[in-house]
Amino acid sequence: MLSEPRAGRLAAWGNALIAGMVSPDDAAVAIVGADAVHRVEGLPGEDAPVGLTLALGRLRALGASGLRVALPAPGHPLGLSGPPEFNARALEAEQAVICEGAALGLVPEVYEAGPAGDVHVEVVWHCLVVREAPPADVPSLGEAERELAEALRDATEVLTRLDVAGSGPVAEAAVAAYRARAERSSGRVVLAPGYPPRAVRVLELAQRVGVLVSLASENGHGGAVSASEMAARGDALRPVERVARRAQVAAYNSVVVERGMR
């Protein structure tokens, strides 16, 4: 799971732009991040791909009042509302952005270009029609925070028990992530201006959990030498990964939800 999905950056800074808290150019720079360039293809009224600044302005003119994130996975259409064509593309990319009020969605396609040693990343966002319906399986911010803390605690206990003497790399990563819940990352912009502190806190924890899941998946079986123990590790990680994705979506979408409640 990406610690910071491109759909999250697009939604967060797009929402800040819609709220008038950042300029179009600043929003575009933040969305592109370390990538070389982002373009939007299939935007209504445009025959060719356009840059982010123009695309964000066009989406606002088309009625977009907010941007939501979807982070689907096989068997879990998190944040999606259809139609099937859009859902399939979003599932393949494992992320998408839904435009509230405009019945449009954006799915990223990532390309690497350039010679070896000087490779740069280009992103094309495909703009497609979406169904205007409630998104699938998106929790409230409070619900997401509770779920995430509980899932991380439970997974930490299981993973620590499965590593020899509790000292394997997976156990250490789990314990470190759990203890870091209350800490703040120094100097890092987690969300764009306008997001509530609780959303920042939930997203930080969800990103740490994403790192934990990646470490546990990439560091072999540690002390879990039997098939049953390896299965137990997988059983412990699956719900944590699912809950972390739900929490990320809740955090990125929180300002849109708040606006809708006013």
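For this chain, numbers begin at 1 and follow the sequence in order.
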A.B. asks: In sequence, state the C-alpha distance, the side-chain angles, and the governing distance for V107 and W125, and then conclude on side-chain contact (heavy atoms from CB on, under 4.5 Å).
C.D. replies: CA-CA 5 Å; V107 179; W125 293 88; 5.8 Å; no

A.B. asks: Give the minimum heavy-atom separation between A64 and I18, together with the two atoms involved.
C.D. replies: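 Closest approach of A64 to I18: O-CD1, 4.0 Å.
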
A.B. asks: Output the distance between atom CG (N253) and atom CZ (R68), rounded to the nearest 0.5 Å.
C.D. replies: 5.5 Å

A.B. asks: Quick one: do L10 and L106 satisfy side-chain contact (heavy atoms from CB on, under 4.5 Å)? Show the steps, please.
C.D. replies: CA-CA 10 Å; L10 175 56; L106 303 165; 3.7 Å; yes

A.B. asks: Quick one: are L141 and R201 in side-chain contact, heavy atoms under 4.5 Å?
C.D. replies: no

A.B. asks: Starting at CG of L104, measure out to CD of E132 and round the result to the nearest 0.5 Å.
C.D. replies: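 That separation rounds to 9.0 Å.
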
A.B. asks: I'd like to know if the side chain of H126 and the backbone of E41 have a donor-acceptor N/O pair within less than 3.5 Å.
C.D. replies: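 Answer holds: no.
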
A.B. asks: Provide the closest heavy-atom pair for G142 versus R198 in the form atom of the first, atom of the second, distance.
C.D. replies: CA-NH2, 3.4 Å

A.B. asks: How far does CD of E100 sit from CD1 of I98, to the nearest 0.5 angstrom?
C.D. replies: 9.5 Å

A.B. asks: Please evaluate residues V32 and R9 with respect to the criterion side-chain contact (heavy atoms from CB on, under 4.5 Å), reporting the C-alpha separation (whole Å), side-chain torsions for both, the decisive distance (0.1 Å), and the verdict.
C.D. replies: CA-CA 8 Å; V32 171; R9 290 206 306 267; over 6 Å; no

A.B. asks: For A7, is there any backbone N or O sitting under 3.5 Å from a side-chain donor or acceptor partner on Q95?
C.D. replies: yes

A.B. asks: Within the 4.5 Å heavy-atom criterion, are L71 and P5 side-chain neighbours or not?
C.D. replies: yes

A.B. asks: Determine whether L54 and V97 fall in the same hydrophobic cluster, where Ile, Leu, Val, Met, Phe, Trp and Tyr are linked whenever their side-chain heavy atoms lie under 4.5 Å apart.
C.D. replies: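 Same hydrophobic cluster.
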
A.B. asks: Atom CH2 of W13 and atom CG of L191: how far apart are they, to the nearest 0.5 Å?
C.D. replies: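 Atom-to-atom, W13:CH2 and L191:CG are 9.5 Å apart.
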
A.B. asks: Are V22 and P193 side-chain neighbours, meaning at least one heavy-atom pair lies under 4.5 Å?
C.D. replies: yes

A.B. asks: If you group Ile, Leu, Val, Met, Phe, Trp and Tyr by side-chain heavy-atom gaps below 4.5 Å, do V200 and V69 land in one group?
C.D. replies: yes

A.B. asks: Looking only at heavy atoms, what is the nearest atom pair of C127 and V40, with distance?
C.D. replies: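 Between these two residues, the closest heavy atoms are CB-CG1, 4.3 Å.
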
A.B. asks: Between V50 and I31, is there shared hydrophobic-cluster membership here, with clusters defined by ILVMFWY side-chain heavy atoms closer than 4.5 Å?
C.D. replies: yes

A.B. asks: Taking side chain as C-beta onward, heavy atoms only, is V255 less than 4.5 Å from P196?
C.D. replies: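 A side-chain contact exists here, since the closest heavy-atom pair is under 4.5 Å.
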
A.B. asks: Is the shortest side-chain N to carboxylate O distance from R146 to E150 below 4.0 Å?
C.D. replies: no

A.B. asks: Do L17 and P24 come close enough that some side-chain heavy atom pair is under 4.5 Å?
C.D. replies: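 Side chain of L17 against side chain of P24, heavy atoms only: contact under 4.5 Å found.
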
A.B. asks: Not counting sequence neighbours, which residues clear side-chain contact (heavy atoms from CB on, under 4.5 Å) with V121? List them please.
C.D. replies: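 V121 satisfies side-chain contact (heavy atoms from CB on, under 4.5 Å) with R6, D35, V110, E112, V123 only.
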
A.B. asks: Using 0.5 Å steps for rounding, measure from the CG atom of L62 to the SG atom of C99.
C.D. replies: 8.5 Å

A.B. asks: Is it true that atom CD of E109 has more than 12 heavy atoms of other residues, nucleotides or ligands lying nearer than 6.0 Å?
C.D. replies: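 Yes, because the 6.0 Å sphere around CD of E109 holds more than 12 heavy atoms from other groups.
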
A.B. asks: Which atom names give the shortest non-hydrogen contact between V202 and A247, and what distance separates them?
C.D. replies: CG1-O, 3.7 Å

A.B. asks: CG/L80 to CZ/R89 distance, rounded to the nearest 0.5 angstrom?
C.D. replies: 13.5 Å

A.B. asks: Check whether any side-chain heavy atom of L52 lies under 4.5 Å from a side-chain heavy atom of V37, and answer yes or no.
C.D. replies: no

A.B. asks: Verify the distance criterion only: is there a donor paired with an acceptor across the side chains of N15 and Y195 at less than 3.5 Å?
C.D. replies: yes

A.B. asks: If you compare all heavy atoms of G194 against all heavy atoms of M21, which two are closest, and at what distance to 0.1 Å?
C.D. replies: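 Looks like CA-SD, 3.4 Å.
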
A.B. asks: Would a distance-only check, ignoring hydrogens and angles, find a side-chain to backbone donor-acceptor pair under 3.5 Å from S81 to P134?
C.D. replies: no

A.B. asks: Quick check: are there more than 12 heavy atoms from other residues, nucleotides or ligands sitting under 6.0 Å from CZ of R39?
C.D. replies: no

A.B. asks: Which atoms form the tightest heavy-atom contact between H120 and A36, and what is the distance?
C.D. replies: CD2-CB, 3.5 Å

A.B. asks: Could you tell me whether the side chain of N87 and the main chain of G82 form a donor-acceptor pair under 3.5 Å?
C.D. replies: yes

A.B. asks: Any luck finding a side-chain donor-acceptor pair between R246 and H76 under 3.5 Å?
C.D. replies: no

A.B. asks: Test side-chain contact (heavy atoms from CB on, under 4.5 Å) on V138 and E143; report intermediate values, then the result.
C.D. replies: CA-CA 10 Å; V138 178; E143 182 184 1; over 6 Å; no

A.B. asks: Does atom CD of E46 have more than 12 heavy-atom neighbours, drawn from other residues, nucleotides or ligands, at distances under 6.0 Å?
C.D. replies: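 Enclosed: over 12 neighbouring heavy atoms sit under 6.0 Å from CD of E46.
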
